[in-house]
Amino acid sequence: MSNNCRPIARPMLNRILSQSLIVGVLSTWGLLSGVTVEWSLSSPSFAFRSSALAQSEDEIDRYVQAAREIESSRQRAYNEIKGIIGGEVPSFVCNQRPGSLDALPAGRARDIAARYCDEAENIVKKNGLTNESFNAITRRRQSDPALERRIQDALNRR
């Protein structure tokens with residue numbers, strides 16, 4: 001009776017061991033490259049995601065420093081623009097330029113907004129981050145309470 005099960009069990013065992021080896025290799029690669037690999041027993045496929053899952057304390061500190069500097073620059077730009085247009089400042093998104101700035105009146109107000117966007121980009125770079133990594137951390141902190149807590153702890157340390 002065990003002879004009947006043996007041919008079926010061996011390929012299944014080989015398959016499980018092969019998949020485990022693949023997952024181990026891909027996980028190691030992911031840890032080294034910052035890409036996470038997701039695999040499920042219910043699905044024979046892998047999903048690769050570039051993410052900010054394992055931010056170091058140093059990276060969080062640099063993110064916090066950049067965010068503080070950007071916020072200071074944003075407040076200055078907002079107040080300058082508000083003084084020019086005499087009312088509420090329309091929202092704009094720096095990484096959606098130039099179209100996003102069209103909500104502002106042409107001239108000095110747009111120039112101030114463009115300058116702010118350039119300053120924000122330079123602040124991020126000065127703090128050793130890319131725009132993509134800064135934005136990824138910003139998005140992730142909204143849905144990841146553990147990351148938000150780490151960022152708040154870093155804010156409180158400064």
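Small disclaimer: the values here were computed from a predicted structure and weren't measured. If you read the sequence from its start, that first residue is 1, and numbering goes on from there.
- Inter-residue side-chain proximity for T130 and V124 is flagged as unmet; no heavy-atom pair is nearer than 4.5 Å.
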Inset, instruction - Tell me, with the steps shown, if I60 and I137 meet side-chain contact (heavy atoms from CB on, under 4.5 Å). - result: CA-CA 9 Å; I60 288 176; I137 294 169; over 6 Å; no
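- The two residues E119 and S73 make their nearest non-hydrogen contact at OE1-OG, 2.5 Å.
- Put simply, CZ on F134 and CD1 on I70 are 4.0 Å apart, with the number rounded to the nearest 0.5 Å.
- In the model, Y63 has a side-chain atom that pairs as donor or acceptor with a side-chain atom of T138 under 3.5 Å.
- The distance from the CZ atom of R140 to the CD atom of E148 is 11.5 Å, given to the nearest 0.5 Å.
- Residues L104 and R110 come closest through the heavy atom pair O-NE, 2.9 Å.
- Within the model, atoms NZ of K125 and CD1 of I123 stand 12.5 Å from one another, a figure rounded to the nearest 0.5 Å.
- If you take CG on N127 and CD on Q65, they are separated by 5.5 Å, rounding to the nearest 0.5 Å.
- For the pair Y116/I81, no side-chain contact is recorded, criterion being any heavy-atom separation below 4.5 Å from C-beta on.
- Put simply, CG on L147 and CD on Q142 are 10.5 Å apart, with the number rounded to the nearest 0.5 Å.
- Here the shortest heavy-atom pairing between A103 and S91 reads CB-O, 4.2 Å.
- Taking CD from E80 and CD1 from I85, the interatomic distance works out to 12.5 Å, rounded to the nearest 0.5 Å.
- Looking at every heavy atom in both residues, G128 comes nearest to R62 through O-NH1, 2.7 Å.
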Legend entry - R115/D118 under side-chain contact (heavy atoms from CB on, under 4.5 Å): CA gap, chis, key distance, verdict: CA-CA 5 Å; R115 184 186 73 219; D118 291 340; 5.6 Å; no
Legend entry - Full working for side-chain contact (heavy atoms from CB on, under 4.5 Å) between E57 and R150: CA-CA 8 Å; E57 290 306 310; R150 290 174 66 199; 2.9 Å; yes
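- Looking at every heavy atom in both residues, D61 comes nearest to A154 through OD1-CB, 3.6 Å.
- Heavy-atom minimum distance, I84 versus A109: CD1-N, 4.1 Å.
- Residue R68 places its CZ atom among more than 12 non-hydrogen atoms of other residues, nucleotides or ligands, all under 6.0 Å distant.
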